[in-house]
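Notes follow the structure.
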Protein chains: 2
Amino acid sequence: MLDDRKKKVLQAIVEEYINTAEPVSSNALTTNHGLNCSSATIRNEMAELEKNGYLDKTHTSSGRVPSEKGYRYYVDELLNDKDISLEEIKYISSKLETKVNEIEDLTKITANTISEVTHYTAVSIGPKTSNQIIEDIKFVLLGSRMMMAVILTDTGLVKETIIKFDEDVTQKQIETMNYMFNNKLKGQPIETIDRPLEDYLYDEMTYSVNVIKPVIEQLKKVIQEDENIYLEGANKSFDLPEFNSLEVAKNFVNILDTKEVVADMLNSGFAEDINVYIGDENKQDELKDFSVVTFKHKVNGKDLGTIGIIGPKRMDYSKVISVMKYINKKLKEM
Amino acid sequence: MLDDRKKKVLQAIVEEYINTAEPVSSNALTTNHGLNCSSATIRNEMAELEKNGYLDKTHTSSGRVPSEKGYRYYVDELLNDKDISLEEIKYISSKLETKVNEIEDLTKITANTISEVTHYTAVSIGPKTSNQIIEDIKFVLLGSRMMMAVILTDTGLVKETIIKFDEDVTQKQIETMNYMFNNKLKGQPIETIDRPLEDYLYDEMTYSVNVIKPVIEQLKKVIQEDENIYLEGANKSFDLPEFNSLEVAKNFVNILDTKEVVADMLNSGFAEDINVYIGDENKQDELKDFSVVTFKHKVNGKDLGTIGIIGPKRMDYSKVISVMKYINKKLKEM
DNA sequence: TTTAGCACTCTTTACTATTGTTTGCTAACT
DNA sequence: AGTTAGCAAACAATAGTAAAGAGTGCTAAA
């Protein structure tokens with residue numbers, strides 16, 4: 001375990017580096033960090049912290065930079081909640097009070113808010129459909145060969161899709177089908193729309209395969225399809241000094257351009273609400289040089305979407321986590 | 001007017017520069033461009049082309065680079081249609097034959113296809129809603145205080161939105177409202193949903209304002225709201241040499257991040273189908289250093305969305321325009 | 001009108017010297 | 001034993017210089 005002064009030194013280095021993006025020298029820590037000792041003493045402490053893997057050097061005579069282990073220790077043990085300014089509180093409140101009719105929009109707005117307040121790039125994804133419980137299904141005829149299906153789930157998600165037929169269908173047919181679907185699916189998780197249901201319907205109904213098949217197929221497609229990924233503030237990252245390296249900038253754009261990586265990243269958190277992944281801790285190779293903080297938006301244990309912040313490993317974890325905690329509290333109050 | 005050899009020289013320089021991204025020297029044109037003369041002669045021609053504004057130099061003793069006037073002349077007068085390879089034809093066909101139920105999806109797929117074939121970044125926007133003709137409106141009750149409104153237009157666009165009420169509404173109320181709305185709006189452009197309609201409904205209907213108001217407000221919101229902008233292949237641009245300049249890369253990300261600029265860009269074309277904007281010709285300040293080619297997807301004069309390619313001024317106009325023309329033909333066949 | 005030849009311009013690259021920052025170590029001090 | 005002052009060594013960053021290379025413009029001859 002680290003003794004008290006080592007903790008202080010590590011914390012000072014992490015925070016200094018987060019602020020300046022420059023390797024931190026022993027001299028820089030002699031003032032304004034409550035360490036009443038000379039730079040030589042700090043140098044000794046730094047050398048030991050480096051030996052234990054908490055710090056790195058960029059070259060033999062450079063100042064110190066936190067290692068991933070250093071950041072992890074900082075996040076786990078040394079992090080203080082940061083106060084949120086009055087302006088920020090006002091801004092967050094006004095954003096979250098926007099009246100929204102669809103919960104996916106709320107996730108978007110939350111992502112946008114977090115990005116604006118933290119000045120990092122945010123991504124969001126809607127709630128996972130497959131394990132939600134179907135509360136109601138409505139079929140609406142739109143012309144003679146087109147229909148809309150609307151699925152309502154327990155979390156308030158409304159999912160609609162258009163289905164086209166190769167032959168004319170009647171209002172009567174739609175109504176019967178609607179009854180059958182509801183009968184079988186109400187109270188079931190959405191993923192129930194699958195093979196067994198298909199077989200059941202073919203058995204029960206006397207309609208042409210041209211009517212039932214498109215419905216089943218389109219519904220299956222809808223529940224399988226990737227949730228909408230929403231990106232906010234990509235340009236914000238480009239103001240950070242680490243993005244002066246073309247390679248980093250290019251990697252970053254590549255990540256944001258690859259929906260699978262982003263979806264994977266947002267879906268891989270296992271903690272209750274906030275997850276922090278530092279560099280190599282990320283499961284996705286593309287993210288090894290970045291840090292990610294994700295935030296699951298839940299109400300009564302129900303998934304309402306996930307928001308992620310992507311930034312440099314030198315991320316202001318304290319700020320990001322404090323903002324997320326505050327927003328989480330606000331959302332729960334609603 | 002330019003004489004025949006000057007045209008050839010200009011064309012050779014533009015095409016060489018598009019290929020190499022390096023200033024073109026007089027020597028480089030003596031081979032492989034059908035100009036049977038020495039580098040000195042070409043130098044004389046280049047000097048005159050520069051005097052007339054078709055070429056630029058990066059410094060006194062550098063090779064030549066096309067000016068915006070030069071690119072414009074090339075696009076207007078010297079452009080040859082490029083052959084599309086068999087693989088490309090196959091790829092395009094397979095992509096466009098994907099069965100889609102919503103026309104916005106077709107626009108997305110088209111944008112994706114153009115980006116993949118040309119290797120440039122593409123953006124797309126759905127059809128402009130406001131001037132489409134309403135064919136049918138359906139109201140569907142989803143629970144006691146929630147309803148979905150579905151608007152069908154003449155172009156096949158299906159626009160749906162959720163409306164929430166502060167008090168319980170009955171199926172009967174919904175049906176009456178639905179009848180009234182259709183009665184007033186069928187055959188009218190979508191933008192008819194506005195003040196006069198609002199007044200009419202308040203006069204005609206005896207329902208509480210709590211029922212009518214949310215419907216009108218949400219419908220107005222839907223038709224006003226920005227169309228969905230879809231971005232494809234942002235990372236493709238980062239492989240181009242001009243994006244080695246951090247400033248350019250940053251500008252580019254900023255543009256793509258600013259939906260208003262992209263929407264503006266896509267909506268500002270006035271030509272029938274394909275529009276080319278070179279550098280300063282762009283109406284948006286942010287785009288002054290880029291070139292944009294837009295393509296309006298229309299069937300029977302009806303707007304089905306617009307796709308845009310953003311790239312360096314050194315864009316392969318010939319390729320981009322050929323691909324767009326081919327895709328346009330394919331789409332019209334469908 | 002075309003072209004060969006050459007001086008001149010400017011970029012690019014490599015090399016060198018200088019300056020400044022920061023460390024690690026040693027020896028002295030508390 | 002822990003702390004500190006002092007100093008040599010390592011290295012980055014910057015500026016300056018020189019040499020090489022690419023390309024033009026101009027002149028004069030074909």
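Letters A, B, ... are given to chains in the order of the sequence lines, protein chains preceding strands, and every chain is numbered from 1.
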In whole angstroms, the gap separating P of D:dG2 from CD of A:E45 amounts to 10 Å
ask   = Counting only N and O atoms by type, is there a donor-acceptor contact under 3.5 Å from the side chain of A:K69 to the main-chain atoms of A:N52?
value = yes
Original post:
Would B:Q11 and B:H33 count as having a side-chain donor-acceptor pair, cut-off 3.5 Å?
Top reply: no
Check: B:S318/B:Y74 side-chain N/O donor and acceptor closer than 3.5 Å: no
Any side-chain N or O of B:S38 below 4.0 angstrom from OP1/OP2 of C:dT3? yes
For A:Y73, the ring pair (Phe, Tyr, Trp, His ring centres under 6.0 Å) test, sequence neighbours excluded, returns A:Y54
In whole angstroms, the gap separating P of D:dG2 from CG of A:N36 amounts to 19 Å
Worksheet item: Is the closest side-chain donor-acceptor distance between A:T294 and A:T306 under 3.5 Å?
Response: no
To the nearest angstrom, the CD-C1' distance between B:E48 and D:dG25 comes to 14 Å
What residues 1-21 of chain A contributes to the DNA chain D interface at heavy-atom separation below 4.0 Å is A:R5
Per-nucleotide protein contact along nucleotides 22-30 of chain C, 5' to 3', at a 4.0 Å heavy-atom cut-off (B base, S sugar-phosphate only, - neither), is BBB------
Side-chain H-bond candidate by donor/acceptor type, A:Y326 with A:E88, under 3.5 Å:
no
Partner of A:D316 under side chain to side chain contact (heavy atoms under 4.5 Å, CB included), picked from A:K82, A:H119, A:E15, is A:K82
Rounded to whole Å, NE2 of A:H59 lies from P of C:dT21 at a distance of 13 Å
Here the distance between atom P of D:dG23 and atom CG of B:L29, to the nearest Å, is 11 Å
Per ring pair (Phe, Tyr, Trp, His ring centres under 6.0 Å), B:F290 is matched among B:F252, B:Y277, B:Y120, B:Y71 by B:F252
From CD1 of B:I42 across to C1' of D:dT24 the rounded distance in Å is 13 Å
note: B:E22, atom CD; D:dG21, atom C1'; distance rounded to Å ~ 14 Å
- Task: Check for a donor-acceptor pair, side chain of B:S124 on one end and backbone N or O of B:A111 on the other, with a separation under 3.5 Å.
- Result: no
